[in-house]
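A short worksheet on the structure shown next.
For this chain, numbers begin at 1 and follow the sequence in order.
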Amino acid sequence: MLYRVAGQYKTSYKADFALFPVRQDAWLLAFILVLAFVVFPMTANEFVFRTLLIPVLIYSLAALGLNILTGYAGQLSLGTGAFMGVGAYACYKLMTIFPGLNLLAAVLLSGFVSAAIGVAFGLPSLRIKGFYLAIATLAAQFFLVWLFQKWGWLYNYSASGAIQVPNISILGFTFAGPTAPAINQYFFVLCTVTLITFVAINLTRGRIGRQWKAVRDMDIAAELVGINLMKAKLLAFFVSSYIIGVAGALFVFLWRGAAEANLFDIPLSFRVLFIAIIGGLGSILGNYLGAILIVALPVIISGVPAALGLPLTPATVDHLNIMIIGALIILFLILEPHGLARLWAVAREKLIIWPFPH
């Protein structure tokens with residue numbers, strides 16, 4: 001079988017807790033990276049890049065940020081869309097104030113602006129939790145979107161109230177703007193998402209990640225054993241908001257090309273939340289699985305009936321998409337609360353011990 005582990009011996013705790021305790025997991029990751037960096041760029045067309053690959057990566061990154069806060073640290077948040085907006089507007093202002101600034105530097109720096117705002121709105125988590133904290137982050141959602149609409153400085157007092165991404169080049173290659181090739185944008189997003197995912201994996205597997213999990217499972221017990229709740233919670237808000245802010249900058253500069261304030265409203269926050277729930281809270285892999293499902297679902301709904309000679313109107317596709325996503329969320333919450341990541345973990349365990357039943 002593919003996951004036969006005969007001969008893979010571990011003689012230390014370090015080997016047992018390695019990132020890839022089973023050699024085939026490393027091979028699978030290498031295969032996925034080859035697909036992402038080599039096969040897809042050679043075979044995908046403009047439609048696939050802009051409709052599937054780029055949005056999957058960006059939504060995965062946004063869900064990763066939310067998952068660190070909610071899945072690992074146990075702090076509920078309904079303001080993901082607004083914090084993506086903070087990152088997008090911060091990147092826009094950085095590129096406006098410093099026209100020669102490198103796009104990658106602007107995207108990464110914009111995350112710190114979102115992180116600072118996230119820490120400010122995360123302060124209530126020191127006194128409240130659960131449903132009340134979710135309402136506090138929902139208030140942040142409404143306030144920030146209102147600020148995007150009313151503060152003209154953010155969009156350079158444009159008459160339309162929207163931000164437009166100009167053509168931005170690095171070393172002669174255009175990565176953002178109306179003339180940017182989709183493959184350039186894909187590589188930029190892929191490299192950024194890969195880097196941040198690598199950092200997130202190391203954070204969640206280390207001392208900081210164990211502190212977040214302790215706070216999530218029982219914050220009073222965590223404090224009794226010496227964990228600083230204020231530091232752990234605010235650090236979770238900082239890291240989560242930073243990643244979400246970077247995702248927001250990529251969302252506008254490397255995909256949409258323009259944005260208005262209402263783009264970052266409640267539906268975007270719920271979309272990212274659905275990705276995290278369906279993919280699996282407390283999982284890095286789940287963010288990618290959930291994003292693939294959510295982004296590809298409308299394409300499947302419209303493409304499969306059309307291929308069978310039953311084309312659907314765009315309105316019907318939207319309604320079916322909402323209905324199917326709602327049904328999936330209910331099914332996962334009832335049957336498998338840990339989402340698609342858990343389904344993969346169960347399948348992997350069965351492959352490792354095959355042909356035995358347990």
Side-chain angles (χ1 to χ4, degrees), residues 32-64 80-81 84 88 107 162-165 167-168 173-194 197 246-260 262-265 267-276 278-279 286-325 328 340:
I32 293 172
L33 291 177
V34 169
L35 280 180
F37 281 94
V38 180
V39 177
F40 289 157
M42 294 176 62
T43 58
N45 55 29
E46 192 88 359
F47 174 81
V48 173
F49 280 127
R50 298 195 185 279
T51 308
L52 292 174
L53 297 179
I54 294 177
V56 162
L57 291 171
I58 293 174
Y59 279 123
S60 299
L61 188 63
L64 173 61
T80 308
M84 289 179 70
V107 168
I163 56 177
Q164 300 286 338
V165 178
N167 290 318
I168 303 174
F173 296 95
T174 304
F175 288 95
T179 64
I183 189 170
N184 290 357
Q185 295 178 317
Y186 169 74
F187 271 117
F188 189 101
V189 172
L190 178 62
C191 293
T192 306
V193 171
T194 302
T197 302
V246 172
L250 296 175
F251 182 71
V252 173
F253 275 72
L254 277 300
W255 183 32
R256 301 301 293 260
E260 295 181 349
N262 58 11
L263 179 64
F264 306 104
D265 217 337
L268 179 60
S269 297
F270 282 158
R271 188 178 181 87
V272 177
L273 179 62
F274 295 159
I275 290 172
I278 292 175
N287 303 304
Y288 292 91
L289 298 178
I292 291 171
L293 177 61
I294 295 296
V295 172
L297 189 58
V299 179
I300 295 172
I301 294 173
S302 60
V304 173
L308 298 176
L310 301 170
L312 301 176
T313 63
T316 304
V317 172
D318 289 339
H319 292 315
L320 286 174
N321 184 46
I322 294 172
M323 292 168 61
I324 293 173
I325 290 176
L328 286 174
L340 293 171

Interatomic spacing from [atom1] in [X] to [atom2] in [Y] - rounded to 0.5 Å:
| X | Y | atom1 | atom2 | result |
| --- | --- | --- | --- | --- |
| Ile278 | Leu273 | CD1 | CG | 9.5 Å |
| Arg256 | Ile163 | CZ | CD1 | 11.5 Å |
| Ile300 | Leu293 | CD1 | CG | 7.5 Å |
| Phe40 | Leu52 | CZ | CG | 9.5 Å |
| Asn321 | Met323 | CG | CE | 11.0 Å |
| Ile275 | Phe270 | CD1 | CZ | 14.0 Å |

Check: Would Val252 and Phe264 count as a side-chain contact (heavy atoms from CB on, under 4.5 Å) if you check the C-alpha gap in whole Å, the side-chain angles of each, and the deciding distance to 0.1 Å?
Finding: CA-CA 10 Å; Val252 173; Phe264 306 104; 3.6 Å; yes
Do [X] and [Y] have side chains that approach each other closer than 4.5 Å (heavy atoms only, starting at C-beta)?
| X | Y | answer |
| --- | --- | --- |
| Ile324 | Leu328 | yes |
| Phe175 | Asn184 | yes |
| Leu320 | Val317 | no |
| Cys191 | Phe37 | yes |
| Ile294 | Tyr59 | no |

Margin query: If you apply the rule side-chain contact (heavy atoms from CB on, under 4.5 Å), what do you find for Leu61 with Phe251, and how did you get there?
Written below: CA-CA 10 Å; Leu61 188 63; Phe251 182 71; over 6 Å; no
Item checked: Pairs involving residues 286-299, ordered by first then second residue, that meet salt bridge (Lys or Arg N to Asp or Glu O under 4.0 Å) (sequence neighbours left out) -> none
Next item on the list: Using atom types as modelled and distance alone, determine if a side-chain donor or acceptor of Trp255 lies under 3.5 Å from a backbone N or O of Arg50.
Entry: yes
Notebook entry, point to check: Any side-chain donor-acceptor pair under 3.5 Å between Thr174 and Asn167?
Noted result: no
Nearest heavy atoms of [X] and [Y], plus distance in Å:
| X | Y | answer |
| --- | --- | --- |
| Gln185 | Ile54 | CB-CD1, 4.0 Å |
| Ala88 | Gly248 | CB-O, 3.5 Å |
| Ala36 | Leu190 | O-CD2, 3.5 Å |
| Ala44 | Leu53 | CB-CD1, 4.1 Å |
| Val295 | Thr51 | CG1-O, 3.5 Å |

Item checked: Those residues that, when tested against Phe274, pass ring-ring contact (aromatic ring centres under 6.0 Å, His included) (two or more places apart) -> none
Next item on the list: Check step by step if side-chain contact (heavy atoms from CB on, under 4.5 Å) holds for Thr197 and Tyr288.
Entry: CA-CA 11 Å; Thr197 302; Tyr288 292 91; 2.4 Å; yes
Note to self: For Val165 and Phe253: C-alpha separation, side-chain torsions, deciding distance, then whether side-chain contact (heavy atoms from CB on, under 4.5 Å) applies.
What the structure shows: CA-CA 6 Å; Val165 178; Phe253 275 72; 3.7 Å; yes
Next item on the list: With sequence neighbours excluded, give me every side-chain hydrogen bond (donor to acceptor under 3.5 Å, both in side chains) pair touching residues 300-319.
Entry: Thr313-Thr316
